[in-house]
Every structure is written in C-alpha cells, then in structure tokens.
2 protein chains.
Amino acid sequence: MGVRTRPTRDGIPDATVSRLPVYLQALTGLAESGVPTVSSEELAALAGVNSAKLRKDLSHLGSYGTRGVGYDVEYLVQHISAELGLTQDWRVVIVGVGNLGRALANYGGFGSRGFSVAALVDAGADIVGTAVAGLPVLPLTELERVVRDLRVQIGVVATPADVAQEVCDRLVSAGVTGVLNFAPCVLSVPNGVMVRRVDLSTELQILAFHEQRRAASDLAEDLSSDLAGGLFDDDATIAPPVDLPKEAAG
Amino acid sequence: MGVRTRPTRDGIPDATVSRLPVYLQALTGLAESGVPTVSSEELAALAGVNSAKLRKDLSHLGSYGTRGVGYDVEYLVQHISAELGLTQDWRVVIVGVGNLGRALANYGGFGSRGFSVAALVDAGADIVGTAVAGLPVLPLTELERVVRDLRVQIGVVATPADVAQEVCDRLVSAGVTGVLNFAPCVLSVPNGVMVRRVDLSTELQILAFHEQRRAASDLAEDLSSDLAGGLFDDDATIAPPVDLPKEAAG
DNA sequence: GCATGTGAAGATATTCACAGCC
DNA sequence: GGCTGTGAATATCTTCACATGC
C-alpha cells in the first residue's frame, strides 16, 4: 500500500515484458492517428489481450492511467519506451546476409525505434564488398573488430545452422550481450548473455499441432451431429469446446 | 484405468507444445549422427532446458523412455512428429514476396518436415509472373482460388502491416485455419482460427529490456566489486546448459 | 458514473525429490 | 548404479470482482 504509486523499480514479470512491445505498437498507431486517450478495454482489444491483463501489466510500470478516463496515449508511449530501454540507441550487427539477413537489414522498423544496424557481416566472397540497405557487407574476419569498435550490444545470427554456434561464440567473446537467433538450432551462451530464438519451423509446427487438434474435433463434431443426445463418452472423447487460441482477439 | 501407459489423449499443455519442436530439432540432429539413445540430461542440455522439465514434457506424450537407459532417438522422433501432426503434409501459402517472403520461400527446412509451399502470392505487378524458389508468383486476385483449389491450411503473412489484416481476412474466409504473421501488427481472426506472430521489433525490444537491466546491475556490481563473495548474477538468460545442482542431493 | 488499480482466487508451469524399474 | 516418470511443492501467470478515486 504505497502512499503514492511507485514506478515499481523491482522485477517486471517476463510475461508482461513480452507484451509491452505489442502495447507499444498499438499505442504508436493511436498516437499517429491523433487519439489522445484510450481505455484499457480499447487498448486490450487492439493488442489482442483481455483488459484485466492489460491493466495488470501496466500497473507494473506504475500508475499512469486516470480512473474514469483511461490512459494518456503519448504519456504511455513514453513510459513503455523508457521501460524497454528504447530511449537509448542499441547497436546491432547482422551476421549472415542471405535472403533472411537482407530482409532484416531492409526492415524499416529497425532504425525507427531505438535500434541501428551498425554493420552487416558475411562469409561469402561474392557478397562481401557489396552494399545492402545502404551498408557495406564486411568479411567475417572483421566481426570482432566491428563489435568492439562500434560497441555493438546485440548480434543477429542469420547464418546457416552449422556455423551459428561458432558465430555466436565469436559475437559473445567480442562483447555482445544479447543475441537474436534466426538459425534453426539452439545456441548456448555463458551466463549473463541472453538469447532469443526465432524459428519458422517451430512456429509452423506449433500451428500444425493445433490444426490437427481442430481437425480431430471437427470430425468428432460431425460424427455426433445427429445424435447430439450425448450418450457415450464420459471420458474425454476429444477436446474442450472451442478453446480459443492464444492470439485470437476476442 | 490404464493398464499400460496411455499416450494421454487429452490436452498437452501449451508450454510443452511450444518446446516439442526444439526437442525434435535436437533429436533429428542426433539421429543423423547415428546416436541410438539419449538421456533426459543430454537431450535437455541440447535443447537448453532443465532435465526435469524435459521428462515432464515427454511424459505428456506417454512413456517412451527406458529407466536406467534413456530414450530411443528414432522412436522419439516418430512420436513427437506424430504428436505435432507432421506425418501429414500441410500446405502453406506465402502472401507477400518481398525480401522476407523470398527468404521464407527459399527456406530449406520448409519442405523437409511436413510442410510444402503451395503457392506464392503478391500484389506487385513487377514481381507477379516471375519465379521465386521454383514457384511462380501469383497475383493477389488468385488468393482465394489458390487456397480453395490447393486446400491450403496455413497462410503466411509477409506483407506490409497496412494490408496484413485485409490479407488475413481473405485467407480466413477462403478457408485457412492457421496464420503465421510476420507483419508488425496484431491480426484479429474469428474463433477457431489460430494466429502466431513473429516480429523482429518485439524480439529486439525484449532483448533491449534485458540489456538495460544487465547494464544497471553491472553498475551496481562495479560499485560493490571488492566485497563480492562471488556473485555472478542470477538468472537473466534462457537457461544455460550447465545446470548446477544446488547441493548434492542425498 | 465510470474506468483504473489490485487483493484474492484460480489456472498453468516449473522444479524438487524420490519411488519404481532396468 | 543409473535414469525415467511422477506426485507434491513452488513459482508464475491469468482472471475475477470490487474498492478507490477522478
């Protein structure tokens, strides 16, 4: 029961942190449309979450809303940005300039919000020396120098899986403390370094799992559609009713 | 009831489902190396999780290990694949053939495991009609026809954010029931359709948050560096493979 | 009146620790 | 002896429901 609302300087739950970027995205959109305030209900709908969760999440940053009114859009944008560390500029190096690396380098949202691509690095003799997204592609041998000289904090691994761990090791020993891994493998890193993995196969497989379930329950539904009295099965025939997916907006 | 171990035909927890693809990846690697069996400890290390969690996860699929020995690699690969629905072929359409769409289309791991790219679709007059990754790029107007005729189940949205929702709506109304969204926005879909979001900004922002924290705690550490009885900072990362025992359990 | 902020309840997820089996 | 499989303990996350304050 703090007398006044503290910005809660202790831990923000991981689950909350992972949703803040989504809120920020929605809020930025609102700000651009000139919307001055937003209710938890509205913002939650835009972010695809339930409003109680949104309020709880925001409450971890402090009390930035006004009862009976809602949240000031600009104000919230500022606070979430600050909380995520977007007020400073993070320098990123992209290793691997294949199709994916190129896509990442050209990705607009990069520079816009606190991140700048400091360098592109690749091992291919044919691509080194060319320019991608306005930056020269440097040889892999320059990796350590670039990370050190430009004080790069975050490395993006967009290489084939078989060299990803080696690249990661080199990034880390050169001083990178955060890694975003697009290679389809698990990277191991020393304590104090954070890795996040983004993998197409993984995402597709998770979708496939749910597709399969849905197909199975559709079938069951068909089979019992006439009877509908529900005689058999006390034990779970299939699946709960419609168990709506994580991201589906209500 | 079960005299023998049932494959637990009811719900597998979401958290488990999201890790199965990682296990599968590690197991596939082991299989290719000709490793016949693996212990929970080893597999957990490869997957970057703790071994109790791995065992609990696998126990949801049934009892496929042998006490005192470990898990049969091939056998596990089969069962996890089946559980994820990879024994059937899922047809995917990629909408948006920019840098990212191209990267996705060329992504090898696609065809290898239960997924096939049925079509590429784009709105750009300049790119429609060309071939990417061996497939012709079709005009956006063909979207519905393609989804229906080829019975596509999964749509990949790799378009700019401002058209993502419209594309998604068209995919869904044409019959797609799973969507993988690479556009930096939240898609809303009807009940029964699942969306998964993959967003570079989001990942970078989550990394930035932790970077910022680390920087703050490094500072604190510096201040108290002489005292230090051995504080290498706690958590902060994806579980490192070294999982040190708190004390030798008696 | 109306929407935030939050204790408390409920649901999930993780970890421990050991029984059971090879 | 070694390793799986799992109840029980813990931790984390979500949701409810309403007091609080504009």
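Atom set for the values below is all heavy atoms of this structure, side chains included, hydrogens, waters and symmetry mates excluded. Convention: sequence-line order gives letters A, B, ...; per-chain numbering from 1.
Between the side chain of A/Asn181 and the backbone N or O of A/Cys185, at least one donor-acceptor pair lies under 3.5 Å. A donor-acceptor contact shorter than 3.5 Å is absent between the side chain of A/Glu203 and the backbone of B/Arg196.
A/Arg67 contributes a side-chain N or O that forms a donor-acceptor pair with the base of D/dT20 under 3.5 Å.
Summarising the geometry, the separation between NE2 on A/His79 and C1' on C/dG5 is reported as 16 Å, rounded to the nearest angstrom. Remark: C1' of D/dG1 and CD of B/Glu41 are 15 Å apart, rounded to the nearest angstrom. To the nearest angstrom, C1' of D/dC13 lies 8 Å from CZ of A/Arg19. Summarising the geometry, the separation between CD on A/Glu42 and P on C/dC2 is reported as 14 Å, rounded to the nearest angstrom. Atom CG of B/Asp57 and atom P of D/dT4 are 14 Å apart (whole Å). Following rounding to the nearest Å, A/Asn50 (CG) and D/dC16 (P) show an atom-to-atom distance of 6 Å. Rounded to an integer number of Å, the gap from OH of B/Tyr75 to C1' of D/dT4 is 15 Å.
In the set C/dA13, D/dC22, D/dA8, the nucleotide with an atom closest to the side chain of B/Lys56 is D/dA8. For A/Ala52, the side-chain atoms get nearest to D/dC16 when compared with the rest of D/dC16, D/dT4, C/dT4. Taking the side chain of B/Asp14 as heavy atoms from C-beta on, and the options C/dT15, D/dT4, C/dA13, the nearest nucleotide is C/dA13. Distance from the side chain of A/Lys53 is smallest for D/dT15 among the nucleotides D/dT15, C/dT14, C/dC18. Of all nucleotides listed (C/dA17, C/dT14, C/dA13), C/dA17 comes nearest to the side chain of B/Arg55. When distances are taken from the side chain of B/Ser39 to each of D/dT6, C/dG5, D/dC3, the shortest belongs to D/dC3.
Neither OP1 nor OP2 of C/dA3 sits under 4.0 Å from any side-chain N or O of A/Tyr64. At least one side-chain nitrogen or oxygen of B/Ser40 sits closer than 4.0 Å to the OP1 or OP2 atom of D/dT4.
Looking at B/Phe209 and A/Leu20, their side chains never come closer than 4.5 Å, going by heavy atoms from C-beta outward. Contact check for A/Leu24 versus A/Val77: side-chain heavy atoms found under the 4.5 Å cut-off. No side-chain heavy atom of A/Leu180 sits less than 4.5 Å from a side-chain heavy atom of A/Val92.
In terms of position along DNA chain D, the nucleotide closest to B/Tyr71 lies nearer the 5' end than the nucleotide closest to the other residue of the pair B/Tyr71 and A/Gly68.
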